[in-house]
Structures are given as structure tokens and as C-alpha cells.
Amino acid sequence: MNHQKSGSKNTKSNTNTRENDNNTSDTNFIRQAIEEDIASNRFDGRVHTRFPPEPSGYLHIGHAKAICISFGIAEDYDGLYNLRFDDSNPITEESEYVEAIKRDVHWLGFDWEEREFYASDFFETLYEYAVKLIEKEKAYVCDLTPDEMRTYRGTLVTPGKDSPYRNRSVEENLTLFGGMRNGEFPDGSRTLRAKIDMSSPNLNMRDPVMYRILRAHHYRHGDNWCIYPTYDFTHGQSDSIEGVTHSLCDVQFEDHRPLYDWFLESLEIYQPRQIEFARLNLTYTVLGKRKLKVLVEEGHVNGWDDPRLPTLAGMRRRGYTPESIRNFCNRIGVSKADNLIEIGQLEYSIRDDLNRNAPRVMAVLNPVKVIIDNYPEGQVEMLDADNNPEDENAGTRKIPFSKEIYIEREDFMEDPPRKFYRLAPGREVRLKHAYYITCENVVKDENTGEIVEIHCTYDPETRGGWSDDGRRVQGTLHWVSAEHAVNAEVRLYDSLFTEREPENAAEGADWMKFLNPDSLEILNNCKVEPSLLDAPPESRYQFLRMGYFCVDSDTTPEKLVFNRTVPLRDSWAKIQKGQK
RNA sequence: AGGGCGGUGGCCAAGCGGUAAGGCACAGGUCUUUGGAACCUGCAUGCGUAGGUUCGAAUCCUACCCGCCCUGCCA
């Protein structure tokens, strides 16, 4: 069941490496439909898709799914894809968002070349289309107020009734619609409606509004217009104008498809095919621009790029790679069934990528000092450390070792439980890339009882972490030389919500009450190896045994700041849980 | 006088009348200078339910049940 994966694709300006993910489900109902269209020569065998965001917020992982579907399919069938801003509502749209969206789509690894469109650039054509429908007696100017219109529309189970303005003459409608455009009527006083069927069981067909009067400044066209087309009168025609063949969208628009087709057929213009798929839902978070906007605007997070957010900007800052997001989207598949993807699926995708590609480095997040009593005072050795055991070409680097080092506080226990393989009194462990050390005793703070120093001895014969006598140690610890350590701030993230389905768990609609108060933990006294000193923002590392981290944009020459992207899988934590 | 769309293991998802792919998760095990990774093994006599057609049904038919979406001059 392999559809053609063109060997010549992606030869353009994609800077990201596009690995073929062999977990990709290479068949789904959309691809099947497209293959049928190619086989039947509908659209002359062309495949041309589009991604149509409204510039009213930032893109999130749900948009990434839509982008990967639309753009990924176009690439796989040697087709084209457009980026189109669906900007027919001046009230919510801003240039800031179009810039952010373009940045995020590029970052994801897609290049729409010169095919960047704005629905608002089609306003003049759309206006002409509207006139054409009036002339064909398929549209009329309606003076009903919003409340009246709602009443006339009927309900889910009862038919609506015709507007008293439904049978105005073509001439009157033309005059009135021209007047609407020329600003002769106040906002909201009239609309242009499609004349379809007020008794249709599909509410979208009960004479939907095509144009409303709205004196609002459009971020792109200023005050040129005081009437704006609605989504329904804009989307299909934009697809048509752009030559799109397959208009892939959310299942929520299934009910709109008859209207999408009606406008195109009535207008007698080129008619693309709309196909719908289920939107992404993720556990322990909320998706949806409105909700994300609330979190940002009410200050529950620090901006659209807060690393806890499922926005692409936030995920980028968190340390996610574009590849990992694309692979995630491929792995979860496409269908029309409601879905709730476990956040672990996303974590798997980033670990999978970073494990293969992120350089290893040592960093101690919660340090405790270890003094090696028999190590010569003042001596410093530069030890070899491999940069990535998963990558032969990653090379090695030198790391300094000395008499005083830091290790992770939780890597030592005075009274260790079963299966604790780390440092404890009398026990020998390996310091990664360095030596075997044995714990001799500990020094505690007289008042608090907290361990302040651990005294050890090392075996000089185990340089590099090997011993010739075949002696084996159970544990291997990461460490940083105290004298050479660089201080850093490390930000640890937990899920934004405490509920698996915050939107459904609430009795009412108060998903906000499930915000996790501990979603951000800041560690201020972390010690990282000196090679990290000049690491640029967004560079990613594996902190050995601790997880994947990336340099945050808050980093300054005085202070290194890291974000934990995701911890390593931790089977010790599981054992501990089992022991309790 | 409601309409539309869905229901295959814990979470996704193939399947398209020939005897339930794959991924994540989970459970064992091997290996290991990351308790990581990798590797091996296990994990639906079952496809919303009940009937029917058929040599044979997740796939076809009938009825029923459940879930989601739709009553903006948002998209």
C-alpha cells in the first residue's frame, strides 16, 4: 500500500532535514480520496492544498497537524501548497499574528514559496461575486436585526421562515448592496444573505449571511471597506481563486460543505473539493485559540511563547524540534473519529529525536559537594567524554576533573533502600568518564542535619571509568568539577493542567480551575560543565541522566538559563513507586 | 422536522467479504560507563449492541445504543 513518495520532492529551500519516518501511516482516507481523484483525472490530476489560518492568535500543535496533513500530502503527490490568511474579520486580526504564523510555519519546515495569499486581497472579486448572485436572484439585502434573524432562523427541530425582505427586486438589492459598500447605512443595520432554503434541516443553508456592515480598521486594508464577507462566503471562493484542488479542514465544517458547494455552483466557478478530518486533542492541556488567548491575556502564562503552552512558539522555546513535531503528526494518523492523544506520545517524539541528535553534557541540578580526600590538591585533569554515544561522528570533548566536585543530591543516600545503585556510605560508584569513587563519610550541618559534604576516595587505576581487574560497579553518576562549574538557572515544567481532560472534567465550563499551580519550578543553583558557557539560545542538550534541556532566550552573558524540554524515562522512579 | 459525522485493545490507527497491521503505553527479559538508548518477548477468539445474508462478516443488510458537531452579522 505504498503511494508514490516522489524522490524529487523537497529539493527546494527546506533547510531542515526531512527524514522519512517509517512509522508514518502512509494511507488514510484523505490520501485515498486524492488518489481516486488523480486516477479519475478530476482536477487534471493536480494536487494543490492550502493552510488557511486566521491571523488572530498563534499557531499551536493542532495547527501543526493540519499543516502536516495539507502540506505533507501536497509534497507527497508532487503538488503545491498555499499559505492563506483567512482575514475577513477585521476585529480579531493583527499583523503581529501573521508574522508569527509565517515564522512558525517556516520553522516547522514548510516553504510555500511565492504562494502567500490573503483572503482580504480577494475582497473586490468577492464583491463582484456577490453582485453576480444578486443578479441571479440568489442573494438579497436583509434588514432584519440580529435578534430578529435568530428568531426567523428557527431552531434545530423547527424550520425557519422567510425574511420579509427576501423578495426584493434585483435592482433594489443592487442599489442597497452598493449603498452598504458606500457606507450609507449604520453598522449592523443590514446584511447580504444567500437565498437558499429557510426550512433546510442544515441551519447553514437557512439563508446564511454573506456580508455584514462593519466599520472596523482592517490590519491590511485599513478603512477601505465597511462591509466584510463572512467565512462561508470567503473560504470556498478563495480556494477557487487560488486553484486549490483539495480543501482539507476540521470536521466542524462538514455541515458547511453543502454551502461551500452551493456558492461555487451558483457562481459557476471552479470548484475544489472539501474534505474534513478530526482535530487534535491532547491530554493535560487545552488547544483552541480562544482558550490559549485567555491564558496569555490573563497572565496565567508568560506570553504566547511560554514553554508550557502547546503553541509552536512555546514548544520551540521549550526545546521541541520541528522534526519531532512532524513525526508526531505522522504517527498519530488522520481519521474522522474524535481523538484524545496522550501527551506521552509527544514526549516520545521529542525524546526519539533528541536521543539521536542532542549532544550529551553533564549538569548537576541540585548539587551537593563531594571531596575526594586522596586526590592531589590543586590537580586538574582534562578527561575525554564522548558527545553522543548514539552518533559515531559526534566526537569527544575535554572536561575538567578535580578534587572537589558536585553530584546530584538525590544520588546519595545514607540509608539506601533495596535496588538503590547510587552512592551510599562504603559504596563504590563510577563517575561518568572519570573514576570509581568510594564514600567514606559525610559531614552534616550541625543545626539542620543537612548533608553539606560527602567525603570519598578514588581509585587512580580507574581513570576514564574503567578498571582492569574486572571489578564492576552498579551505579554511574554524572558530576561537575566544583572549581570549573558554571552556574545556571534551570526551569522545570510540568503539565499546565492537573486534569487529563480539563475541558470535560469541569461541571460547568470552568476548565481554568484545573490549572496546575506547580507547572513551573525554577532551580537557581545548578552547576553545568564549562563547555556550555557560550551555548546559544535554542541549542539543545541531553543533561546526562537528567533529561533534555535547551538554552532559553532569557540567557544573558551573566546568566545561563535552561529549559527542561522533557525528562529522560526514569525506571528508578517506577521502582521507588512500587516500593512505597 | 431535526440534520451531519463518528464508535477496532489503556491512547491513537490500519483494515474496504477470505479469518484483527503498526505506533505509543504497559509487563517481562538481554545488553549497557546514562536506572537513558538499543534489542527480544508478551499484550483484541475480539471490531458499540442484537439479529440477518454468506462456505466465510470488523467489512454487506436491518434495528437499536452511545459520543461529537450545528440555532454568530466568528472562523
Side-chain angles (χ1 to χ4, degrees), chain A residues 1 22-28 32 52-54 56 86-89 91-93 142 144-146 149-151 153-160 187-193 199-206 208-214 227-228 230-232 234-235 250-258 276 278 283 289-290 330-349 351-352 355-356 360 362 386 389-390 419-422 430-434 464-466 473-478 542-547 567-575:
Chain A
M1 260 290 160
N22 47 20
N23 290 319
T24 300
S25 82
D26 58 2
T27 174
N28 62 51
Q32 286 180 12
E54 184 193 21
S56 60
D86 218 340
D87 54 356
S88 57
N89 180 5
I91 294 175
T92 56
E93 299 151 6
C142 180
L144 254 25
T145 66
M149 199 179 289
R150 194 175 311 122
T151 304
R153 186 161 34 232
T155 71
L156 293 176
V157 294
T158 60
D187 285 7
S189 60
R190 296 179 211 263
T191 57
L192 182 72
R193 295 226 260 165
S199 63
S200 170
N202 180 348
L203 296 258
N204 293 121
M205 301 299 272
R206 318 241 265 225
V209 171
M210 295 163 58
Y211 273 90
R212 68 272 205 184
I213 304 174
L214 189 57
I227 57 172
Y228 289 93
T230 56
Y231 163 85
D232 285 307
T234 304
H235 204 94
D250 196 303
V251 283
Q252 74 174 114
F253 293 107
E254 252 173 331
D255 290 339
H256 293 247
R257 178 153 32 94
E276 311 83 8
T283 58
K289 220 150 34 178
R290 310 182 324 279
N330 287 332
R331 263 189 278 257
I332 59 174
V334 187
S335 76
K336 299 186 74 159
D338 289 337
N339 62 80
L340 210 214
I341 308 291
E342 291 175 341
I343 194 75
Q345 189 84 230
L346 237 195
E347 294 177 344
Y348 171 82
S349 292
R351 287 193 186 109
D352 182 49
N355 173 53
R356 284 179 283 112
R360 317 282 123 130
M362 292 202 284
D386 56 338
E390 303 292 318
K419 292 190 179 175
F420 183 82
Y421 299 153
R422 287 113 95 142
R430 171 170 39 236
L431 293 177
K432 178 82 174 177
H433 306 306
W466 300 94
V473 293
Q474 292 238 65
T476 300
L477 309 186
H478 61 279
Q542 183 194 102
F543 285 3
L544 228 57
R545 300 208 303 135
M546 299 308 286
L568 254 29
R569 287 188 61 192
D570 186 356
S571 56
W572 167 237
K574 268 179 209 167
I575 293 170

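Predicted model, so just to flag it, every value in this text is computed and none were measured. Residue numbering restarts at 1 for every chain, and letters A, B, ... go by the order of the sequence lines. Below, each value reflects all heavy atoms present in this structure, side chains not excepted, and no hydrogens, waters or symmetry copies.
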Next item on the list: Would you mind telling me which of B:G3, B:G36, B:C11 lies closest to the side-chain atoms of A:Leu568?
Entry: B:G36
Next item on the list: Report which part of the nucleic acid A:Ser88 touches: base, sugar-phosphate, or nothing (heavy-atom distance under 4.0 Å, all strands).
Entry: sugar-phosphate
Notebook entry, point to check: Reckon A:Phe420 touches a base, only the sugar-phosphate, or nothing at all at heavy-atom distances under 4.0 Å?
Noted result: base
Note to self: Just to be sure I understand the rule, does A:Thr283 reach a base, reach only the sugar-phosphate, or reach nothing, if contact means heavy atoms closer than 4.0 Å?
What the structure shows: nothing
Note to self: Let me spell it out: for each of A:Arg150 and A:Glu54, pick the nucleotide of RNA chain B with the closest heavy atom. Which residue's pick is nearer the 5' end?
What the structure shows: A:Arg150
Notebook entry, point to check: Contact class for A:Arg153 vs. all strands (heavy atom < 4.0 Å): base, sugar-phosphate, or nothing?
Noted result: sugar-phosphate
Checklist line | Whole-Å C1' distance, B:G23 and B:A14 | finding: 11 Å
Check: Is the aromatic ring centre of A:Trp572 closer than 5.5 Å to the centre of the six-membered base ring of B:G35, with the two planes inclined by less than 30°?
Finding: yes
Next item on the list: Name the nucleic acid region contacted by A:Leu544, choosing base, sugar-phosphate or nothing; use a 4.0 angstrom heavy-atom cut-off, strictly under.
Entry: base
Notebook entry, point to check: Starting at CG of A:Asp255 and ending at P of B:C74, how long is that distance when rounded to a whole Å?
Noted result: 19 Å
Notebook entry, point to check: Quick one: which of A:Thr283, A:Leu346, A:Ile332 gives a side chain to side chain contact (heavy atoms under 4.5 Å, CB included) with A:Ile341?
Noted result: A:Ile332
Checklist line | Phosphate OP1/OP2 of B:C74 contacted by A:Arg290 side-chain N/O (<4.0 Å) | finding: no
Next item on the list: Taking only the side-chain heavy atoms of A:Arg212 (C-beta and beyond), determine which of B:G4, B:A37, B:C73 contains the nearest atom.
Entry: B:C73
Check: Atom CG of A:Asn339 to atom P of B:G23: distance rounded to whole Å?
Finding: 20 Å
Notebook entry, point to check: Think A:Gln32 has a side-chain N or O under 4.0 angstrom from the OP1 or OP2 of B:A14?
Noted result: no
Note to self: Between B:C61 and B:U54, how far apart are the two C1' atoms, rounded to whole Å?
What the structure shows: 12 Å
Notebook entry, point to check: Does the side chain of A:Ser199 get closer than 4.0 angstrom to OP1 or OP2 of B:A1 through an N or O atom?
Noted result: no
Notebook entry, point to check: Would a 4.5 Å heavy-atom cut-off, applied to side chains only, mark A:Thr230 and A:Thr191 as touching?
Noted result: no
Notebook entry, point to check: Between B:G35, B:A14, B:U34, which one does the side chain of A:Ser335 approach most closely?
Noted result: B:A14
Check: How far does the P atom of B:A37 sit from the matching atom of B:A50, given to the nearest Å?
Finding: 42 Å
Next item on the list: Look at all strands and tell whether A:Ile227 reaches a base, only sugar-phosphate, or nothing, counting heavy atoms closer than 4.0 Å.
Entry: nothing
Checklist line | Nearest-Å distance for atom pair CG/P, residues A:Asp338 and B:C69 | finding: 8 Å
Margin query: Can you measure A:Phe253 atom CZ to B:G3 atom P for me and round it to whole angstrom units?
Written below: 23 Å
Next item on the list: Please confirm whether any donor atom in the side chain of A:Glu276 sits under 3.5 Å from an acceptor in the base of B:G4, or the reverse.
Entry: no
Next item on the list: Assign B:G22 to syn or anti; the rule is syn for a glycosidic angle within 90° of 0 and anti otherwise.
Entry: anti
Check: Rounded to the nearest Å, what distance is computed from the CZ atom of residue A:Arg356 to the P atom of nucleotide B:A38?
Finding: 9 Å
Next item on the list: Name the closest nucleotide to the A:Pro159 side chain, picking from B:C5, B:U34, B:A1.
Entry: B:A1
Note to self: Suppose we call a contact any N or O donor and acceptor under 3.5 Å apart; does that hold for the side chain of A:Gln542 and the base of B:G36?
What the structure shows: no
Next item on the list: Fit a plane to each ring of A:Phe253 and A:His256, take the angle between them on a 0 to 90° scale, and name the class: parallel (under 30°), tilted (30 to 60°) or perpendicular (over 60°).
Entry: perpendicular
Next item on the list: Searching all strands shown, indicate the nucleotide that pairs with B:C68 (Watson-Crick or G-U wobble; both distances under 3.5 Å).
Entry: B:G4
Check: Does B:C69 have OP1 or OP2 sitting under 4.0 Å from an N or O in the side chain of A:Arg257?
Finding: no
Next item on the list: Ignoring the backbone of A:Asn28, work out which of B:C74, B:C16, B:A14 is nearest its side chain.
Entry: B:A14
Margin query: Classify A:His235 by what it touches in the nucleic acid, base, sugar-phosphate, or nothing, heavy-atom distance under 4.0 Å.
Written below: nothing
Note to self: Less than 4.0 angstrom between a side-chain N/O of A:Thr27 and OP1 or OP2 of B:G15, yes or no?
What the structure shows: yes
Next item on the list: Tell which nucleotide pairs with B:C26, taking only Watson-Crick or G-U wobble pairs whose two distances are both under 3.5 angstrom.
Entry: B:G42
Margin query: Rounded to whole Å, how long is the line connecting atom OH of A:Tyr348 with atom P of B:A37?
Written below: 10 Å
Check: Rounded to the nearest 0.5 Å, what separation is found between the CZ atom of A:Arg430 and the CD atom of A:Gln474?
Finding: 11.0 Å
Check: What integer distance in Å separates A:Asp232:CG from B:U71:P?
Finding: 11 Å
Notebook entry, point to check: Given the P atoms of B:U34 and B:U19, what is the spacing between them in whole Å?
Noted result: 45 Å
Check: Nearest to the side chain of A:Arg545 - B:G23, B:C70, B:G35?
Finding: B:G35
Next item on the list: Check whether any side-chain nitrogen or oxygen of A:Lys336 sits under 4.0 Å from OP1 or OP2 of B:C69, and answer yes or no.
Entry: no
Note to self: What contact category does A:Ser571 fall into here, base, sugar-phosphate, or nothing, at under 4.0 angstrom with non-hydrogen atoms?
What the structure shows: sugar-phosphate
Check: B:C68 base to A:Gln252 side chain: any donor-acceptor pair below 3.5 Å?
Finding: no
Checklist line | 4.5 Å side-chain heavy-atom contact, A:Ser189 and A:Ile213 | finding: yes
Note to self: Assuming nearest nucleotide by heavy-atom distance, tell me which of A:Lys574 and A:Met546 is located more 5' along RNA chain B.
What the structure shows: A:Lys574
Margin query: At less than 4.0 Å, is any side-chain N or O atom of A:Arg190 found next to OP1 or OP2 of B:C73? Yes or no.
Written below: no
Notebook entry, point to check: Is the closest basic N to carboxylate O distance between A:Asp352 and A:Arg356 below 4.0 Å?
Noted result: yes
Checklist line | Distance below 4.0 Å between A:Arg206 side-chain N/O and B:C70 OP1 or OP2 | finding: no
Checklist line | Separation of atom CZ in A:Arg331 from atom P in B:G22, rounded to whole Å | finding: 16 Å
Check: Hey, is the side chain of A:Arg422 pairing donor to acceptor with the base of B:G35 inside 3.5 Å?
Finding: yes
